[in-house]
Amino acid sequence: MTMQDPLADMLTRIRNAQQVGKTSVTMPSSKIKKSVAEVLKAEGYVVDYSVEESVKPQLTIELKYFEGKPVIAELDRISRPGLRSYTGKDGLPSVRSGLGIAIVSTSKGVMTDRAAREAGVGGEVLCTVF
């Protein structure tokens with residue numbers, strides 16, 4: 001059976017790994033997953049990520065903890081295959097009054113809501129992180 005929503009699977013794997021205190025999580029790799037992992041690393045939500053190139057590439061994300069608790073408190077999928085969520089530059093969400101981030105897929109690449117506002121572009125709101 002094929003996976004219907006690979007990005008939701010990635011977010012669920014991260015949530016589940018953090019709940020049991022794992023240091024890293026491995027999943028099948030794709031361009032969009034690497035882009036989301038890059039944004040999470042740049043914003044300080046994960047330590048690092050790496051891609052093992054083989055017949056089936058694997059993405060490994062090193063999870064980050066602070067005083068024994070996961071740095072990522074909330075990780076929610078917004079746009080999904082059954083209901084895509086597109087928004088213009090003025091309609092980009094602000095997560096917890098700017099304390100969290102929304103990851104947006106734009107015509108200029110995958111970026112945070114703040115970076116998309118600065119670039120003056122909108123796009124598909126993939127997920128929110130707090």
Side-chain angles (χ1 to χ4, degrees):
M1 185 195 263
T2 61
M3 192 180 313
Q4 297 298 316
D5 192 1
L7 191 57
D9 177 65
M10 172 190 178
L11 302 178
T12 300
R13 286 180 191 233
I14 291 172
R15 272 193 303 269
N16 290 344
Q18 284 190 326
Q19 280 185 332
V20 296
K22 297 223 179 221
T23 57
S24 66
V25 62
T26 303
M27 64 204 74
S29 181
S30 70
K31 288 181 185 179
I32 191 77
K33 289 180 185 179
K34 284 191 279 191
S35 299
V36 169
E38 178 63 38
V39 171
L40 290 174
K41 179 184 173 190
E43 292 294 314
Y45 287 105
V46 297
V47 176
D48 199 8
Y49 73 96
S50 61
V51 178
E52 176 193 320
E53 296 294 337
S54 61
V55 176
K56 291 186 178 182
Q58 294 289 313
L59 174 68
T60 302
I61 298 176
E62 301 294 324
L63 302 174
K64 192 173 189 178
Y65 295 90
F66 180 73
E67 295 180 355
K69 294 189 178 184
V71 172
I72 299 173
E74 259 179 46
L75 194 56
D76 297 321
R77 181 81 157 115
I78 303 299
S79 184
R80 49 194 173 85
L83 181 63
R84 297 289 184 187
S85 175
Y86 297 97
T87 183
K89 64 179 179 180
D90 299 325
L92 290 170
S94 179
V95 180
R96 301 275 179 108
S97 300
L99 293 176
I101 62 167
I103 300 177
V104 184
S105 176
T106 69
S107 58
K108 297 184 179 179
V110 177
M111 59 182 74
T112 65
D113 56 323
R114 280 179 246 127
R117 277 191 210 93
E118 288 175 13
V121 294
E124 182 181 2
V125 182
L126 300 175
C127 61
T128 58
V129 184
F130 175 72

Looking at [atom1] of [X] and [atom2] of [Y], how far apart are the two atoms once the value is rounded to the nearest 0.5 Å?
X      : Y      : atom1 : atom2 : answer
Glu43  : Arg114 : CD    : CZ    : 5.0 Å
Ser35  : Met111 : OG    : CE    : 10.5 Å
Asp113 : Glu118 : CG    : CD    : 10.0 Å
Glu52  : Thr26  : CD    : OG1   : 8.5 Å
Leu40  : Cys127 : CG    : SG    : 7.0 Å
Leu63  : Ser24  : CG    : OG    : 7.0 Å

Cluster question for you: counting only ILVMFWY and a side-chain heavy-atom cut-off of under 4.5 Å, with indirect links fine, are [X] and [Y] together?
X      : Y      : result
Val51  : Met10  : yes
Ile72  : Ile78  : no
Val129 : Val36  : yes
Ile14  : Tyr65  : yes
Leu92  : Ile103 : no

Could you tell me if the side chain of [Y] sits less than 4.5 Å from the side chain of [X], heavy atoms only?
X      : Y     : value
Leu75  : Tyr45 : no
Asp48  : Lys41 : yes
Lys33  : Pro28 : yes
Leu126 : Ile32 : yes

_Can you pull out every side-chain hydrogen bond (donor to acceptor under 3.5 Å, both in side chains) where at least one residue sits in residues 7-16? Sequence neighbours excluded, please._
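Found Asp9-Arg13, Thr12-Arg15.
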_Pair listing, side-chain hydrogen bond (donor to acceptor under 3.5 Å, both in side chains) test, anchored in residues 95-109, at least two apart_ =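 Listed by first then second residue: Glu74-Arg96.
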_Donor-acceptor check, side chain of Lys64 to backbone of Gly44, threshold 3.5 angstrom: yes or no?_
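Yes, because the side chain of Lys64 sits within donor-acceptor range (under 3.5 Å) of the backbone of Gly44.
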*asked:* Among residues at least two apart in sequence or on other chains, which ones pass side chain to side chain contact (heavy atoms under 4.5 Å, CB included) with Leu83?
replied: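 Result, side chain to side chain contact (heavy atoms under 4.5 Å, CB included) vs Leu83: Arg80.
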Restricting to non-hydrogen atoms, name the atom on [X] and the atom on [Y] that form the minimum distance, rounded to 0.1 Å.
X      : Y     : result
Thr128 : Val95 : CG2-CG2, 3.6 Å
Ser94  : Gly98 : OG-N, 3.2 Å
Gln4   : Pro81 : O-CG, 3.8 Å
Tyr49  : Glu38 : OH-OE1, 2.6 Å

Taking only residues two or more places apart in sequence, or in another chain, which ones meet [X] in a side-chain hydrogen bond (donor to acceptor under 3.5 Å, both in side chains)?
X     : answer
Asp76 : none
Ser79 : Glu124
Gln58 : none

